[in-house]
Protein chains: 2
Amino acid sequence: MKARLNASRQRIIAAALGIMAEDGYAGCSVAAVAEQAGLATGSVYRHFPTKADLFAEVFRTASQREVDAVARAAALETTAAEQLAAVVETFAGRALQAPRLAYALLAEPVDPAVDAERLVFRRAYAELIAGHVAEGVASGELPPQDPDLTATALVGALAEAMVGPLAAGVAGPDTIPALIAFIHRALGVSP
Amino acid sequence: MKARLNASRQRIIAAALGIMAEDGYAGCSVAAVAEQAGLATGSVYRHFPTKADLFAEVFRTASQREVDAVARAAALETTAAEQLAAVVETFAGRALQAPRLAYALLAEPVDPAVDAERLVFRRAYAELIAGHVAEGVASGELPPQDPDLTATALVGALAEAMVGPLAAGVAGPDTIPALIAFIHRALGVSP
DNA sequence: TCAAGGATTGAATGGTGGTTCAATCCTTGC
DNA sequence: GCAAGGATTGAACCACCATTCAATCCTTGA
């Protein structure tokens, strides 16, 4: 029974994620999520007090997955330049694989309470990047700089550069290399 | 009479801007705008077919004002490095003067139709920046790069770097210089 | 001064979609 | 087997707010 309850909760989150990946947040009425999860509308409220709470958790889950993937890719590299290239490649590559979801997570108009979760998401990326930047600075690979400001600005640059392609549905094949070049310059990677 | 009509229209836009600067888009019910403008709710609809149309125009007006101020400041400088420093200083300085309005224009959740206007806003900044970057590249002051990608990424970086301080209500005094340093690196300005 | 026609009013309307809840269905422990 | 208690249902509810519109008020041209 406990297990069944927990399974329902997971099914709701999965259903919400599925609809977000398909139709974005706009398609995510509580009724639609419940139907996709194979439950009645009201049952959703046995698991989440409000819609905003549900989607805060959905965003948290999806964001964590993204951040983890990026962190894992970066951890395979050794220099800061390579680590940050991996960040860009993974972030952008995944976004282009699931553009509707990426757009929802990055930029789609959502409930303010959910929007707050987006800040956490961006903050998590910024911290990940800041760590690699700080190491690069410490080792002398990168010039002195405020790793946190650099990281924040890079997150903004990445997101902004992806929103266009995501909205258009396609990115030119050179978007990602160009972004990596930009970011290496911004970090002060010596050529 | 024509004049009175036009004056009403302007009063509505000004009222909407005032409320946005005070309480953000969230505070902008049609009733509140009408009251602030000294009109009845229904009268707003003599001037704008829908709320979205009204706020599209409000965003357009406010954005144009911002972009113009930034363009004017940049035009006073001669090198690309100085021009882009002026862009950052003006953009960030104005945002910090009117943080609630800046947040509304940059990042607050709004009606999708209004959101579209925001893209135009960001695009206008990107084009302004791209122009200066292209000149810098042409003159050899900056290394070869795709001016449009650089500009888009810089707009994102600027916006992201400002959202934190705007939400917090204050920015450290060194935020702007640090941002200028970041952007100079990202452009490849030689030290 | 006075009608005609447009401007103004603001309470009523309506659509949307999140939220509730009484009825029903299961599961569980005796 | 069988009640008790919690889970589930989904139609009804309700709040919010953009939008409308019949009644009223002005302005204007004669």
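In what follows, chains carry the letters A, B, and so on, assigned in the order in which the sequence lines appear, proteins first and then strands, with residues in each chain numbered from 1.
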**Study point:** Greater than 12 external heavy atoms within 6.0 Å of A/Gln10's CD
**Key:**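 Count over threshold, so yes.
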
Give the rounded distance in Å between these two atoms: [atom1] of [X] and [atom2] of [N].
{"X": "A/Asp111", "N": "D/dA15", "atom1": "CG", "atom2": "P", "result": "19 Å"}
{"X": "A/His47", "N": "D/dG6", "atom1": "NE2", "atom2": "P", "result": "16 Å"}
{"X": "B/Ile12", "N": "D/dT19", "atom1": "CD1", "atom2": "P", "result": "13 Å"}

Tabulated below should be each protein N or O lying under 3.5 Å from an N or O of nucleotides 21-26 of chain D; please produce it.
none

Revision key, fill the gap. Side chain to side chain donor-acceptor pair (under 3.5 Å) filter on B/Asp68, not counting sequence neighbours, yields B/Gln64

Check your understanding: Among all residues two or more places apart in sequence or in another chain, which pass the side chain to side chain donor-acceptor pair (under 3.5 Å) test with A/Thr61?
Key ->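 Per chain and number, A/Thr61 pairs via side chain to side chain donor-acceptor pair (under 3.5 Å) with no residue.
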
N/O-N/O pairs, protein side and nucleotides 16-19 of chain C side, under 3.5 Å:
| unit_1 | atom_1 | unit_2 | atom_2 | d |
| --- | --- | --- | --- | --- |
| C/dG18 | OP1 | A/Lys51 | NZ | 2.6 |
| C/dG18 | OP2 | A/Val30 | N | 3.0 |
| C/dT19 | OP2 | A/Tyr45 | OH | 2.7 |
| C/dT19 | OP2 | A/Lys51 | N | 2.8 |

Point to revise | From CD (A/Gln83) to CG (A/Leu76), nearest 0.5 Å | key: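 Rounded to the nearest 0.5 Å, the CD-CG separation comes out at 10.0 Å.
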
Study note, to complete from the structure: Interatomic distance, NE2@B/His132 vs OG1@B/Thr150, rounded to 0.5 Å, equals 14.5 Å

Check your understanding: Who passes side-chain contact (heavy atoms from CB on, under 4.5 Å) against B/Ala134, sequence neighbours left out?
Key -> B/Pro147

Practice item. Not counting sequence neighbours, which residues clear ring pair (Phe, Tyr, Trp, His ring centres under 6.0 Å) with B/Phe59? List them please. Key: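 Residues passing ring pair (Phe, Tyr, Trp, His ring centres under 6.0 Å) with B/Phe59: none at all.
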
